[in-house]
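Worksheet: one structure, shown below.
All chains are named by letter (A, B, ...) in the order of the sequence lines, taking the proteins before the strands, and each is independently numbered beginning at 1.
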Protein chains: 2
Amino acid sequence: MAAHAHTHATGSGWKQHVLASFAHEGFRAGGARAVVVELLAEQDCCLSAQEIFDRLRAGGRKVGIASVYRVLDQLAQMQLVQRVDVGGGVSRFEAAHPGGDHHHHLVCDDCGRVVAFEDERLEAELDRVGKSLGARVAAHDLVLHGACADCSQK
Amino acid sequence: MAAHAHTHATGSGWKQHVLASFAHEGFRAGGARAVVVELLAEQDCCLSAQEIFDRLRAGGRKVGIASVYRVLDQLAQMQLVQRVDVGGGVSRFEAAHPGGDHHHHLVCDDCGRVVAFEDERLEAELDRVGKSLGARVAAHDLVLHGACADCSQK
DNA sequence: CCCTCGATGATAACGGCTCTCACCAGGGCT
DNA sequence: AGCCCTGGTGAGAGCCGTTATCATCGAGGG
Ligand SMILES: [Mn+2]
Ligand SMILES: [Mn+2]
Ligand SMILES: [Zn+2]
Ligand SMILES: [Zn+2]
C-alpha cells in the first residue's frame, strides 16, 4: 500500500452504483440529480446542502436549493449517502459505500475544521454495543469535539 | 446491585454543584436559572429546550424561551450539561456529572423512542482514538440509529 | 411527434434558535 | 430599610437552515 496519490475516496464506482440504483428503482434521468451525484462523487469528505448548492451555481449550473435537498433526501433513504450531523443545526452529506469503509469526524471548536478518521477497533466496539442493546442498529453518528492537532499545540 | 428503585440519575448532588459553580463565578441568583437547573436535575435523560420551556410553563412558571436557551448555553460552556444532538435539527440537553458516568443514546427511527446506554469499553476506545488523532478531544457525540428492541422484533 | 407524469426550481412557509431591548430585581451600600 | 447600579429576564422581532407548494419543463414510452 505504497505512496500512490490519494485517489478520491469516492471514485466513479460509487457514481455508477448510484445511477444504476436510480435506474433500477424506475426514476427518470433528471439534470439536478445527476449533477448532485457527480459533485458528491468527487468529494473526500462531507458537504452541506448549501455548499453543494453554491458550488453547482458557481459552476454555472442553475439548480434549485429544493432539488439539492430532494436528491440528498432520496440518496439518504436509499442508504447511498450518509447524513453527518456535526452540530450547529447544519446537516452534511457524503457518499456511503455499500459495505465498505466509512469514516467519522473530529470538529475543531476553535477553527471549525473538520477532520475525518476511521478506526477498525472502534467500529467493532460500536457493533458489539448495538447488539448488546437488542436493537437493530442501522447506522451510527459519531462526532468528536475539541481542539484539532494544530489548534491544541499553541 | 439488587432491585433498589431506580433513583434519578441526577440527584440533588448535581444541582448543588451547579448552584455552587454559578455562585463561584459571581453570577447573581436569577429565577429562570434556578428553575431550569431544578428541572434538569429531576431528569433521567435529555430534554429539548422547547420541552423544558413547555414543562416550566405548564408548572405555572413564566419563563421566557430566551432565558431557557441562555441558561442552557451557560451550563454547556461550564461543562455542566451535555448537548445531545439526535438529529432532526433539535438539540437536547442533560446533566453532565463531573468525572462520572455519562451515557449515550439509541434513537428508534420507527417509534422515535430514545434509549440511553453506557459502555465502559466503548468509552476506552473513544479515548484511544481521540489520542491517536493528536487532538485534545473535549467531548464526543454518539447516537445510534435503527429500530429499538421492541420495534425490531415485530 | 405527442402526451403523460415525474423532475425541477422559484418562492413562500415553517421552526429552532438568536438578538434586541425595555423592564425587573439581587445585593452591595449607606 | 431605602437607593442604586448592574446583571438577569422575557416578549417579540429577526435569522437561517430546511421543507412545502406549485407552475413549468422535459424524459421517454407509445
Ligand atoms: Mn462507524
Ligand atoms: Mn461517551
Ligand atoms: Zn482547529
Ligand atoms: Zn422503537
So which one's nearest nucleotide on DNA chain C is more toward 5', A:A66 or A:Q74?
A:Q74

Where each residue is assigned the nucleotide of DNA chain C containing its nearest heavy atom, which of B:R28 and A:F27 is assigned the position nearer the 5′ end?
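Closest to the 5' end, via its nearest nucleotide, is A:F27.
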
CZ/A:R136: more than 12 non-hydrogen atoms of other groups inside 6.0 Å
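Counting other residues, nucleotides and ligands, CZ of A:R136 stays at 12 neighbours or fewer.
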
If you count every heavy atom of other residues, nucleotides or ligands that lies below 6.0 Å from B:E120 atom CD, does the total exceed 12?
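At most 12 heavy atoms, drawn from other residues, nucleotides or ligands, come within 6.0 Å of this atom.
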
When you measure from the side chain of A:S67 to the backbone of A:V63, do you find a donor-acceptor pair of N or O atoms at a distance under 3.5 Å?
no

The criterion is side chain to side chain contact (heavy atoms under 4.5 Å, CB included); which residues satisfy it with [X], sequence neighbours excluded?
X      : value
A:R28  : none
A:A29  : none
B:V115 : B:L106
A:I65  : A:Q50, A:F53, A:Y69

For a quick test of your reading: what N or O donor-acceptor pairs under 3.5 Å do the side chains of residues 72-82 of chain B make, sequence neighbours left out?
unit_1, atom_1, unit_2, atom_2, d
B:D73, OD1, B:R83, NH2, 3.3
B:Q74, OE1, B:R33, NE, 3.4

Every protein N/O lying under 3.5 Å from an N/O of nucleotides 28-30 of chain C:
none

Selection residues 128-154 of chain B - residue pairs positive for ring-ring contact (aromatic ring centres under 6.0 Å, His included), sequence neighbours left out:
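Passing the test, one end in residues 128-154 of chain B: B:H102-B:H140, B:H104-B:H140.
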
Those residues that, when tested against B:D119, pass salt bridge (charged side-chain N to carboxylate O under 4.0 Å, His left out) (two or more places apart):
A:R128

Name all residues meeting the salt bridge (charged side-chain N to carboxylate O under 4.0 Å, His left out) criterion together with B:D85; count only those two or more places apart in sequence or in a different chain, and write none if there are none.
none

Side-chain touch A:C148/A:C111, heavy atoms, less than 4.5 angstrom
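In contact.
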
Does anyone know the first and last nucleotide of DNA chain D in reach of chain B, 5' to 3', at under 4.0 angstrom to a heavy atom?
D:dT6 to D:dA11

Could you go through nucleotides 13-17 of chain C and list every protein N or O atom that sits under 3.5 Å from one of its N or O atoms, giving the distance for each pair?
unit_1, atom_1, unit_2, atom_2, d
C:dG16, O3', B:G89, O, 3.3
C:dC17, OP1, B:S91, N, 2.9
C:dC17, OP2, B:Y69, OH, 2.4
C:dC17, O5', B:Y69, OH, 3.2

Listed in order of residue number, which residues of residues 29-36 of chain A have a non-hydrogen atom at under 4.0 Å from DNA chain C?
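Contacts with DNA chain C under 4.0 Å: A:G30, A:G31, A:A32, A:R33.
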
Nearest whole Å is fine: how far is C:dG6 P from A:F22 CZ?
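Between P of C:dG6 and CZ of A:F22: 16 Å.
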
Using whole Å, report how far CZ of A:R61 lies from C1' of C:dA7.
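Those two atoms, CZ and C1', are 11 Å apart.
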
Shared ILVMFWY cluster between B:V129 and B:L122, side chains joined below 4.5 angstrom?
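Shared cluster, yes.
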
Identify, between A:R83 and B:V71, the residue whose nearest nucleotide on DNA chain D lies closer to the 5' end.
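First, find each residue's nearest nucleotide; the 5'-ward one identifies B:V71.
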
